[in-house]
There are 2 protein chains.
Amino acid sequence: MTTKTSNTFSRSSLKRLPLYLHLLENLTSQGVTSVSCTQIAKEFDLDPTLVRKDIEMTGEVGTARVGFKIISLISKIKSFLGWDQQQDAFLVGVGNLGKAILGYKDFNKYGLNVVAAFDNSPDKIGTKIFGYQILSSSKFVNLAKRKKVTIGIITVPAVFAQGAADLMVEAGIKAIWNFAPAPLRVPDGIILENARLTQSLAVLTNKLKS
Amino acid sequence: MTTKTSNTFSRSSLKRLPLYLHLLENLTSQGVTSVSCTQIAKEFDLDPTLVRKDIEMTGEVGTARVGFKIISLISKIKSFLGWDQQQDAFLVGVGNLGKAILGYKDFNKYGLNVVAAFDNSPDKIGTKIFGYQILSSSKFVNLAKRKKVTIGIITVPAVFAQGAADLMVEAGIKAIWNFAPAPLRVPDGIILENARLTQSLAVLTNKLKS
DNA sequence: TAGATTGTTAATCGATTAACAATC
DNA sequence: TAGATTGTTAATCGATTAACAATC
């Protein structure tokens, strides 16, 4: 097999990997050392072949009749997701959701290292939240360039979201994790990942109605 | 066309509707009264036919050469998503994320009415957060039954998530919105919607790595 | 009218599932 | 060895896109 140059994987596959990872870590803590696709699949009501293909994507190879070595599989998934090393991130918008993210220390297990938080409100600038000194958004671009920050997190209200995204693009940020319920326009080459709670809620409330 | 008895719609379609809704509301506030699928599609880089099918799902019909009446379309989408009336919800787990949800007043635009919040920690029980009196989890089942609450929101740490879900099922809750990064087991018939931030983050960090 | 857009059917594409030989 | 499981190829399924007649 030749190595693909443009590795683009399906969202669906990518989103299953954290589930597997969680299970694998639980199994490890129980002393289990190997696992089969059949077992993983049963846990999440998936087809074993699907799990096998997801794992294949990470580069891990198994052993017939035995399955996969959990320790090795965990490390392959982490490295495939980029969770084996942390990327520096700046957060813009210290409202309730912004605060929640600042307070969630586990993100560093998921490749994310929030290093600074910004806001426009004079009430917030200068205060400290979960150890983060809140900075004025006007300092964003210079600081992000200087520190070569790669990820921007947007937790501002919808109307300010595009402005925040523009700042991030200007600052040379490579990926934006957007929590604002607004459609953002970013240039080609900038990775944009929307984490819109209302979309998830839409699925729930629609099903509830039926 | 006969009316389907078991209306189950694709997640992908359902998740696009809130995007359309947001745009339509913006257009309305600008005084625009009608819109075509082509316009909507362009806004989100989608195929116009896809948008047309999504809209068809809501039951709205358009006019050839003119498009759709925005006011009517908005109301059809809202009603299709169940956002034209609110469902009562109880939240369990008043950590950072739980607080953020309690503080986000806009959820009532999305069919969700958070009426009470619960926690296990004696430090939190009895305190007030964003106007919500924090109650002991031990009161959850009785209160939820009495008030006929339909939605449960789980914002506890992963290890307590299954316990919270079990409480909710016992209390006769119909749908669970789960923010804990743990796989939950619920009986058939209970709607489970996972809002897992780590899945979204996985897509972002993987792309960043390439 | 002319032509943009709807509504609808057919084609394509990609993800999931099934089948099966190889293997430990 | 026997048989469970991997790795891989083929079939299916569902979502997206293309094609096109009807219509305002």
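Proteins come first, then strands; the chains are lettered A, B, ... in the order of their sequence lines, and each starts at number 1.
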Per-nucleotide protein contact string for nucleotides 12-24 of chain C, where B marks a base within reach and S marks sugar-phosphate only (heavy atoms under 4.0 Å, - for neither)
---SSBB----BB
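For the residue pair B:Ser13 / B:Ser10, a side-chain donor-acceptor distance below 3.5 Å is found, with atom types taken as modelled. Side-chain polar atoms of A:Asp166 and A:Gln162 form a donor-acceptor pair below 3.5 angstrom. No side-chain donor-acceptor contact under 3.5 Å links A:Asp119 and A:Ser121.
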Criterion salt bridge (charged side-chain N to carboxylate O under 4.0 Å, His left out) on B:Arg52 and B:Glu60, from CA distance to verdict:
CA-CA 10 Å; B:Arg52 204 166 297 124; B:Glu60 180 67 353; over 6 Å; no
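The ring-ring contact (aromatic ring centres under 6.0 Å, His included) check on A:Phe107 picks up A:Tyr104, A:Trp177, with sequence neighbours excluded. Shown here are the ring-ring contact (aromatic ring centres under 6.0 Å, His included) partners of A:Tyr110, two or more places apart in sequence or in another chain: A:Trp83. Partners of A:Thr28 under the side-chain contact (heavy atoms from CB on, under 4.5 Å) rule, at least two apart in sequence or in another chain, are A:Ile70, A:Ile74.
Between the CD1 atom of A:Ile55 and the P atom of D:dG7 there is a distance of 9 Å, given to the nearest Å.
When the shell of 6.0 Å around NZ of B:Lys69 is examined, it contains 12 or fewer heavy atoms from other residues, nucleotides or ligands.
Using the six-membered ring where Trp is involved, B:Phe90 and B:Phe118 have ring planes that are tilted, between 30° and 60° apart.
Taking CG of A:Asn113 as the start and CD of A:Gln86 as the end, the distance is 4.5 Å to the nearest 0.5 Å.
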Could you spell out the base pairing of DNA chain C as a dot-bracket line? Use Watson-Crick and G-U wobble contacts where both distances are under 3.5 Å, [ ] for crossing pairs, | for partners on a different strand.
..||||||||||||||||||||||
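Non-hydrogen atoms lying under 4.0 Å from DNA chain D are contributed by A:Gly67, A:Phe68, all within residues 67-79 of chain A.
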